Amino acid sequence: MKQTITHWLESALYSARESGDLNWETMPEFEVEAPRQKEFGDYGTNLALTLAKQARANPRQVAETLIRHLPAESESWREKVEIAGAGFINFTLKAGWAGEIVKTILQAGIQYGQGSSGQNRRVLIEFVSANPTGPLSVGHGRNGILGDMMARILTALGWQVYREFYINDGENSTQIRNFALSILAQFKHLKGEPLQMPEEGYFGDYVMEIAQWIRDTQGDSADEGDPEEVTRRFEEWGKQLMLEEQERDLKEFRIEFDNWFSEQTLHASGAVERSLEVLKEKGATYEHEGALWLRSTAYGDDKDRVLVRANGRPTYVAADVAYHLDKYLRGNEILIDVLGADHHGYIKRMKAVVEALGYEPDSLTIMLYQLVRLFREGQMVRMSKRAGNIITLREVMDEVGVDATRFFFLLRSHDSLLDFDLDLAKQQSDKNPVYYVQYAHARICSILRQAVERGFALPALETTDTHLLQHEAEIQLIKLLGDFPEELALAGEQRAPHRLTIYAQNTARAFHSFYAECRVLGVEPALMNARLCLTQATRQVLKNTLDLMGVTAPEEMERREADEELSS
RNA sequence: GCGCCCGUAGCUCAGCGGAUUAGAGCAUCAGACUUCGGAUCUGAGGGUCGGGGGUUCGAAUCCCUCCGGGCGCGCCA
């Protein structure tokens, strides 16, 4: 409906210009929205206000002119059009208009809301990319959810999405090395030697478990031989086990990747050197004190960055140059990296890299998310990965459940700090908004089941008069359902998945409200059919939204409250 | 010191491509079906949108500045 009204307004604009009533050059930006106060009608627009600015005219007069030029086809829909406030144009539509939206939704079904703005272009989303030196943290969970939902959203908007996990397994990585040395230390300890952890060692229990696994499968002699070789072996074992665990946990968290990209392959294949050559050719590098530098300040970075150390080893940045170049060479037009807020310094650097490589800096989006703070018994849980006292994603998943955890992570804007209270999440899980939305879906399914049980066949769309849907609660709900395509598009454009979480809650609320106001089953047959259609349409939209969130849409739920009351 | 993010109701947060009277959940208080699931609904109280300037006919929204909180600022990754 918003679109229809937008068309009317555009048509009025052209008509007014042709007749000389109004002068304008560029199409003004304006919005069509449902006003909060119902006295203002069903939809309103600020068009006259934005246009008045451009034309330096009185907004109310502009509004009058526009109304005069509204196309004839709009007359069968409009009840009345009014000018209000500074120059808003408010439309009140004829009773029954909302029924059309219900039909549109039911016809589109699972595809309702999808768009084609992606035009089949390719986008690569890199996310999680945890170091293979430990289990996934809760922060990785937030990262994973954001990337995953973004991928689902962009797919729905017509993009060809490729999901990738970048494994920081470069042999020059000190982290991995320390990790390997930690395992080795535990291994020797298992054999009875005193525990001698490296300085920056990893202390988690899982390190010991890996050492144990190596001892069980490789025997006591696993640490014999050339020390460098031994470290390399332990590195490989540790890395493999960690990656397997990460993949398993992510899969259970409903996150899967098209590809796990190994940093090491970039070093091994010579891709790193080649990409550095590209930078050199573009004149974006220089040598200083024996090291090779990227002149990133020339592209807006705060300082220049070392690409190759004086000792000849390439830095992490060098690998990232090669990696991002590789992403582009694989035909991706748009790149999205999902990173924790502690990497914010990374944005300017990577934009500089992209530009130095000859690509459009805006083609790379870095989605930063703020950190997650865990609370238990009202206390913030301090965590350190090396010390091994982290709460893992797996623990949270097991404690809180996948649906609730995903929903919780998607509840807040990614650039807002997220406090995750474990006790609240599990003890008062019925207060969790995820149940509110899921309950609406389950309730709808229950109504539809009942309808069949009572012998009311689910109505055919062609024979149903959806124009009977005129109750205020019905209109309210339908308006929201009609907004879904726009909400989805905005979530994609703004890279703001949480918008759909808010939307899901609003839609669920509107349905619960409708449910309380309007009986579906047992009312006059024509109206019942119309309401059954609306109920089905709502189910479809909730389902589509929950699918995008990767949260299940249950057809029934346990009646937990009732059970508790019986037992108490 | 420099950079990024945040500061909106008692608490947790939406809104921030300016626009008609600032929203939701939780908490508090008061109510609601002998038929569709009470994990629900209806209503009430509660806000100088951190402070101060500026732009604008109009600012929670844009700009500047200050204050408070978080996170960074390696030839680590």
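Chain letters run A, B, ... following the sequence lines, proteins first, then strands; residues in each count from 1. Just so it is clear, the structure is predicted and the values come from calculations on it, not from any experiment.
Atom name P, nucleotides B:G38 and B:A32: the rounded distance is 16 Å, in whole Å. Going from the C1' atom of B:A30 to that of B:C36 covers 27 Å, rounded to whole Å. B:G46 sits 34 Å from B:U55 when the P atoms are compared, rounded to a whole Å. Nucleotides B:A14 and B:U56, compared at atom P, are 32 Å apart to the nearest Å. Remark: the separation of the P atoms in B:G52 and B:A59 is 14 Å, to the nearest Å. A distance of about 31 Å separates the C1' atoms of B:U34 and B:U28, rounded to the whole Å. Of the P atoms belonging to B:U65 and B:C2, the separation is 10 Å, rounded to the nearest Å. Taking atom C1' in both B:A22 and B:C73, one finds a spacing of 38 Å when rounded to whole Å.
Dashed line: the shortest gap from a side-chain N or O of A:Lys348 to OP1 or OP2 of B:C73 is not under 4.0 Å. Checking the phosphate oxygens (OP1, OP2) of B:G37, no side-chain nitrogen or oxygen of A:Tyr436 falls inside 4.0 Å. In this model, the phosphate group of B:G38 is approached by a side-chain N or O of A:Tyr515 to a distance below 4.0 Å at OP1 or OP2. Neither OP1 nor OP2 of B:C6 sits under 4.0 Å from any side-chain N or O of A:Arg412. Regarding contacts with the backbone of B:G38, a side-chain N or O of A:Arg443 is found under 4.0 angstrom from either OP1 or OP2. At B:U42, one or more side-chain N or O atoms of A:Ser513 fall inside 4.0 Å of OP1 or OP2 (strictly under the cut-off). Considering only side-chain N and O atoms, A:His512 lies nowhere under 4.0 angstrom from the phosphate OP1 or OP2 of B:A32. Residue A:Gln505 places none of its side-chain N or O atoms closer than 4.0 Å to OP1 or OP2 of B:A24. Side-chain nitrogen and oxygen atoms of A:Ser416 include none within less than 4.0 Å of the OP1 or OP2 phosphate oxygen of B:G70.
The closest side-chain donor-acceptor pair between A:His324 and A:Asp337 falls under 3.5 angstrom.
Here A:Glu556 lies in heavy-atom contact (under 4.0 Å) with a base. Residue-level contact check: A:Glu453 touches neither bases nor backbone, having no heavy atom under 4.0 Å from any strand. In this structure, A:Arg305 reaches neither bases nor backbone, as no heavy-atom distance under 4.0 Å exists between it and the strands shown. Contacts of A:Asn90 with the nucleic acid, taken as non-hydrogen atoms under 4.0 Å apart, include base atoms. Residue contacts shown for A:Leu448 are absent, as no nucleic acid heavy atom lies under 4.0 Å away. At a threshold of 4.0 angstrom between heavy atoms, the contacts of A:Gln438 with the nucleic acid are absent. Within the nucleic acid shown, A:Gln450 comes within 4.0 Å of sugar-phosphate atoms alone, with no base atom in reach, counting heavy atoms only. At the heavy-atom level, A:Thr535 lies nowhere under 4.0 Å from the strands shown. No contact: A:Ala86 has no heavy atom under 4.0 Å from any strand. Using a 4.0 Å heavy-atom cutoff across all strands shown, A:Asp302 reaches no nucleic acid atom at all. Residue A:Arg177 is out of contact with every strand shown, counting any heavy-atom pair closer than 4.0 Å. Here A:Cys518 lies in heavy-atom contact (under 4.0 Å) with a base. A:Arg509 comes within 4.0 angstrom of the backbone, heavy atoms only, and of no base.
Here B:G72 sits opposite B:C2 as a Watson-Crick or G-U wobble pair (both hydrogen-bonding atom distances under 3.5 Å). Using Watson-Crick or G-U wobble geometry with both donor-acceptor distances under 3.5 Å, B:G17 finds no partner in any strand shown. Of the nucleotides present, none pairs with B:G47 by Watson-Crick or G-U wobble criteria with both distances under 3.5 Å. Both distances falling under 3.5 Å, in either a Watson-Crick or a G-U wobble arrangement, occur for no nucleotide opposite B:A60. Of all nucleotides present, only B:G10 satisfies the Watson-Crick or G-U wobble test against B:C26, with each distance under 3.5 Å.
Nearest-nucleotide assignment on RNA chain B puts the 5′-proximal partner with A:Leu49, out of A:Leu49 and A:His288. Toward the 5' end of RNA chain B, the nearer of the two residues A:Asp415 and A:Gly170, judged by each one's closest nucleotide, is A:Asp415.
Annotation: A:His512 is in aromatic contact with A:Tyr439 [ring centroid separation under 6.0 Å].
With A:Ser513 contributing its side chain and A:Arg509 its backbone, the two residues share no donor-acceptor pair below 3.5 Å. Counting only distance, with no hydrogens or angles, the side chain of A:Asp301 and the backbone of A:Ala352 share no donor-acceptor pair below 3.5 Å.
One can place OH of A:Tyr202 at 10 Å from C1' of B:C76, the figure rounded to the nearest angstrom. In this structure, A:Phe408 places its CZ atom 10 Å from C1' of B:C13, rounding to the nearest Å. A:Tyr439 has its OH atom 8 Å from the P atom of B:G37, to the nearest Å. Rounded to whole angstrom, the span from the CD1 atom of A:Ile502 across to the C1' atom of B:A14 amounts to 5 Å.
Comparing B:U35, B:C75, B:U21 by their nearest atom to the side chain of A:Glu289 picks out B:C75.
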Residue pair A:Phe261, A:Asp326: steps toward the side-chain contact (heavy atoms from CB on, under 4.5 Å) verdict: CA-CA 11 Å; A:Phe261 193 103; A:Asp326 187 80; 3.5 Å; yes
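Listed here is the closest heavy atom pair of A:Ala271 and A:Ala322: O-CB, 3.8 Å.
Evaluation of atom-type donor-acceptor distances gives a pair under 3.5 Å for the side chain of A:Arg519 against the base of B:U35.
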